[in-house]
Amino acid sequence: QVRLVESGGGLVQPGGSLRLSCAASGSIFSRYDAAWFRQAPGKQRDWVALIQAGGETDYDDAVKGRFTISKDNAHNTVSLQMNDLKPEDTAVYYCRAYGVGWGQGTQVTVSS
């Protein structure tokens, strides 16, 4: 069973940046689409960004131009570079590999 482990979350001031990483225990990202989701307190889990197995990307309008999803197939990682962070970006961020599963989440807090 392949595990997904997120890292890189933390506390950052508005306008700051964070880079999240999702490490898989197996070689999956060359074969499966992957995405980042986020869930704010009391809200549903929402899709943020997608990277297809072939490398094509897509973003929710709320993060387009600020977030960048990428992957490294050789190292079995998917990353989310988050710039110009806003308080409304505060949430637990989850990595998903379609057809494989979810990570446990990493907390991102944007506050002054």
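In what follows, every heavy atom counts, from backbone to side chain, and hydrogens, waters and symmetry copies are set aside. Position 1 is the first residue of the sequence, and the numbers go up from there.
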* To do: Give a yes or no on whether R3 atom CZ has more than 12 heavy-atom contacts from other residues, nucleotides or ligands under 6.0 Å away.
  => no
* Taking atom CZ of R66 and atom CG of D84, what is their separation to the nearest 0.5 Å? -> 6.0 Å
* Closest approach of T90 to Q107 (non-hydrogen atoms, all atoms of both residues) -> CG2-NE2, 4.0 Å
* Asked: Does a donor on one side chain and an acceptor on the other come within less than 3.5 Å for T77 and D72?
  -> no
* Asked: Can you check whether S79's main-chain N or O pairs, donor with acceptor, with K71's side chain at less than 3.5 Å?
  -> no
* Asked: Between T106 and G9, is there a donor-acceptor pair closer than 3.5 Å when you use the side chain of the first and the backbone of the second?
  -> yes
* With side chains defined as the heavy atoms from C-beta onward, is the minimum distance between H75 and S21 less than 4.5 Å? -> no
* **Derivation and outcome, side chain to side chain contact (heavy atoms under 4.5 Å, CB included), residues E6 and Y93** => CA-CA 8 Å; E6 300 98 334; Y93 282 71; over 6 Å; no
* Structure fact -> From the list L80, L20, D89, V92, side-chain contact (heavy atoms from CB on, under 4.5 Å) with R38 holds only for D89
* V108 side chain reached by M82 side chain, heavy atoms, under 4.5 Å -> yes
* Report the residues that fulfil side chain to side chain contact (heavy atoms under 4.5 Å, CB included) with S112, sequence neighbours left out, ordered by chain and then residue number. => P14
* Determine, step by step, whether C22 and F29 satisfy the side chain to side chain contact (heavy atoms under 4.5 Å, CB included) criterion, reporting the C-alpha distance in whole Å, the side-chain angles of both residues, the deciding distance to 0.1 Å, and the verdict. => CA-CA 11 Å; C22 173; F29 295 127; 4.2 Å; yes
* **Non-hydrogen atoms of S17 and Q81 that approach each other most closely** => CB-NE2, 4.0 Å
* Face-on cation placement of R45 at W102 ring, 6.0 Å and 45° thresholds -> yes
* **Joint hydrophobic cluster, W36 plus V110, side-chain heavy atoms closer than 4.5 Å** => yes
* To do: Decide side chain to side chain contact (heavy atoms under 4.5 Å, CB included) for R19 and S7; before the verdict, give the C-alpha distance in whole Å, the side-chain angles of both, and the deciding distance to 0.1 Å.
  => CA-CA 9 Å; R19 185 176 181 86; S7 61; over 6 Å; no
* Transitively linked via ILVMFWY side-chain contacts under 4.5 Å: W47 with V78? -> no
* Asked: Taking only residues two or more places apart in sequence or in another chain, which ones pass side chain to side chain contact (heavy atoms under 4.5 Å, CB included) with V2?
  -> A24, S25, I28, V100
If you look only at distance, which donor and acceptor atoms sit under 3.5 Å apart when one is on a side chain in residues 49-61 and the other is two or more places apart or in another chain?
from: Y59; atom 1: OH; to: I69; atom 2: N; distance (Å): 2.9
from: D60; atom 1: OD2; to: A62; atom 2: N; distance (Å): 2.9
from: D61; atom 1: OD1; to: K64; atom 2: NZ; distance (Å): 3.2

* **Derivation and outcome, side chain to side chain contact (heavy atoms under 4.5 Å, CB included), residues F67 and V48** => CA-CA 9 Å; F67 290 11; V48 174; 3.8 Å; yes
